[in-house]
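This report concerns only the one structure given below.
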Amino acid sequence: MSGHPVVVVGAGPSGLAAAAELVERGLEPVVLEAGGQAGAAVAQWHHVRLFSQWSELVAPAARRLLEPTGWVAPGGDGYPTGAEWAAEYLVPLAEALGDRVRFGARVVGVARRGRDRVVDAGRDSEPLTVHVETADGEERITARAVVDASGTWAVPNPLGGDGLPAIGERAASDRISYRVPNLAADEDRYAGKRIAVAGSGHSALTALVALADLAERHPGTHIVWLLRRGAVGNVFGGGDADQLPARGALGLKAQAAAKAGHVSVVTGFRTALVERDGDRVVLESQDGHRLDPVDEVVVLTGFRPDLSWLSEVRLDLDPVLQAPTALAPLIDPNVHSCGSVYPHGANELRHPEPGVFLVGMKSYGRAPTFLAMTGYEQVRSVAAEIAGDHEAASRVELTLPETGVCGGSGVFDAEPAGGGCCAPAVTELTLLTPGVRS
């Protein structure tokens, strides 16, 4: 299959890093991006600042590709926004890769040439076919391997506490957002309003900090923070103990915002019903507890992978996380409440389908706390594996910082003894009992 290119799906950080690794190994990548620019998903959260410094956000192979072009690396100790990451790194990287990157090319299917997933014969010898939709119509690309770096941004988790949209959630879509609010553009939508924020991860903390700052400037703005877990506990993360200082600082800022009186916290609230009340909505939990009406709902409950266009290739996915089976135990938030994720590569990411790899955020399935550095190590190893350098593919060339994250989407009602492993239990917050109208 050496005459065929390696198709990389997605021109985000992991996808472009994969292309740079492949070029460095003398392989020819074709990067297919559904959006109109490099880092199209990153551009949608352009107002959000990253936890990682610039030195951790530039892939080694990408740096080696960019430097001969005259590109100057941004300051290593700065923390860029999504807009800065895209403009100062991803766009120049795509330009350096040239016509290997195609925009407006949406992958709608991958298969083994001439065989559906049921057929055993030829899976080791026949190439893959990648079905693509563009403005000019449909086409099919023959590939020696496929590296899926398409991410999960396009499929946010719903508000419903059982993983499905709550009753009435779709009908109230004009009052619900699934992204961190961009208050520079949408301040009027939230100023002076009563806002429900659902979620306990870093996106939720980012939204709390931004909305609490808005409340300082616009009296009457109030945030109702909905936690599915049974206690606040260590939701604010590792604080000063976090080896990613910007992430620890975010948790401390969110904690301060909650204590300042602009945030009411409702624990054990798993939304089952969204009901219209004029221009506002009322949220009801699965056990029948109703909250007072809110003007806006910000749902930040994580993301999930779109596996629909991979239906004709044989994947080995964990039934819980929808991540590769060998990777799932390393990232499962039901087990790993703190500490680091062991760096991993092709060995953990391979599937029964030869030449198919899910990398980047897509490889984590529904698990949270993915780091760019993890994706860069993944694609280094995968590119080596595709090139036949199995020794390099099996090496670990990355040391990750401690995550400083306790709990996560897997935590239900359990509260770790002593307030958790990374931070003391939080006190002095305005806590609302779910059975009491707020």
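Along the sequence shown, residues carry numbers from 1.
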Donor-acceptor pairs are to be reported for all side-chain atoms of residues 379-388 against protein atoms at under 3.5 Å, with residues two or more places apart or in another chain.
residue	atom	partner	partner atom	Å
Arg380	NE	Glu377	OE1	3.1
Arg380	NE	Glu397	OE1	3.4
Arg380	NH1	Ala392	O	3.0
Arg380	NH2	Glu377	OE2	3.0
Arg380	NH2	Ala392	O	3.4
Arg380	NH2	Arg395	O	2.8
Ser381	OG	Ala346	N	2.8
Ser381	OG	Ala393	O	2.6
Glu385	OE1	His390	ND1	3.2
Glu385	OE2	His390	ND1	3.3

Note: Lys362 and Leu307 closest approach over all heavy atoms is CE-CD2, 4.0 Å
Arg189 CZ to Asn182 CG distance, which is reported to the nearest 0.5 Å: 11.5 Å
Can you tell me how far CG of Leu159 sits from CG of Leu300, rounded to the nearest 0.5 angstrom? 10.5 Å
Summary of salt bridge (charged side-chain N to carboxylate O under 4.0 Å, His left out) pairs that have at least one residue in residues 21-42, sequence neighbours excluded: Glu24-Arg64, Arg25-Asp389, Glu28-Arg100
Using a strict threshold of under 4.0 Å (side-chain N to carboxylate O), is an ion pair present between Asp120 and Arg314? yes
I'd like to check the salt bridge (charged side-chain N to carboxylate O under 4.0 Å, His left out) partners of Glu139; sequence neighbours left out, ordered by chain and number. Arg102
Do Asp136 and Thr134 have side-chain atoms, one donor and one acceptor, less than 3.5 Å apart? no
Residues which pass side-chain contact (heavy atoms from CB on, under 4.5 Å) with Ala59, listed by chain and number, not counting sequence neighbours: Ala17, Ala62, Tyr89, Tyr376
Tell me if a side-chain donor or acceptor on His46 pairs with a main-chain N or O of Ala86 at a distance below 3.5 Å. no
For the residue pair Arg63 and Trp71, would you count it as a cation-pi contact if the rule is NZ or CZ under 6.0 angstrom from the ring centre and within 45 degrees of the ring axis? no
Can you name the closest pair of heavy atoms from His289 and Phe269 and give their distance? O-CE1, 3.6 Å
Cationic N near anionic O, under 4.0 Å, Arg112 to Glu126: no
Is a side-chain N or O of Arg175 found less than 3.5 angstrom from the main chain of Asp295, in a donor-acceptor match? yes
Approximate separation, where rounding is to 0.5 Å, of Thr267 OG1 and Leu227 CG: 7.0 Å
Judged by modelled atom types alone, do Ser14 and Gln378 share a side-chain donor-acceptor pair under 3.5 Å? no
Using the salt bridge (charged side-chain N to carboxylate O under 4.0 Å, His left out) rule, collect all pairs that involve residues 78-94, keeping only residues at least two apart or in two chains. Arg49-Glu84
What is the distance from atom NE2 of His4 to atom CG of Leu27, rounded to the nearest 0.5 Å? 13.5 Å
Salt bridge (charged side-chain N to carboxylate O under 4.0 Å, His left out) involving Asp174 - partner list, sequence neighbours excluded: Arg276
Could you go through the salt bridge (charged side-chain N to carboxylate O under 4.0 Å, His left out) check for Glu284 and Arg290 one step at a time? CA-CA 4 Å; Glu284 182 177 307; Arg290 293 170 65 88; 2.9 Å; yes
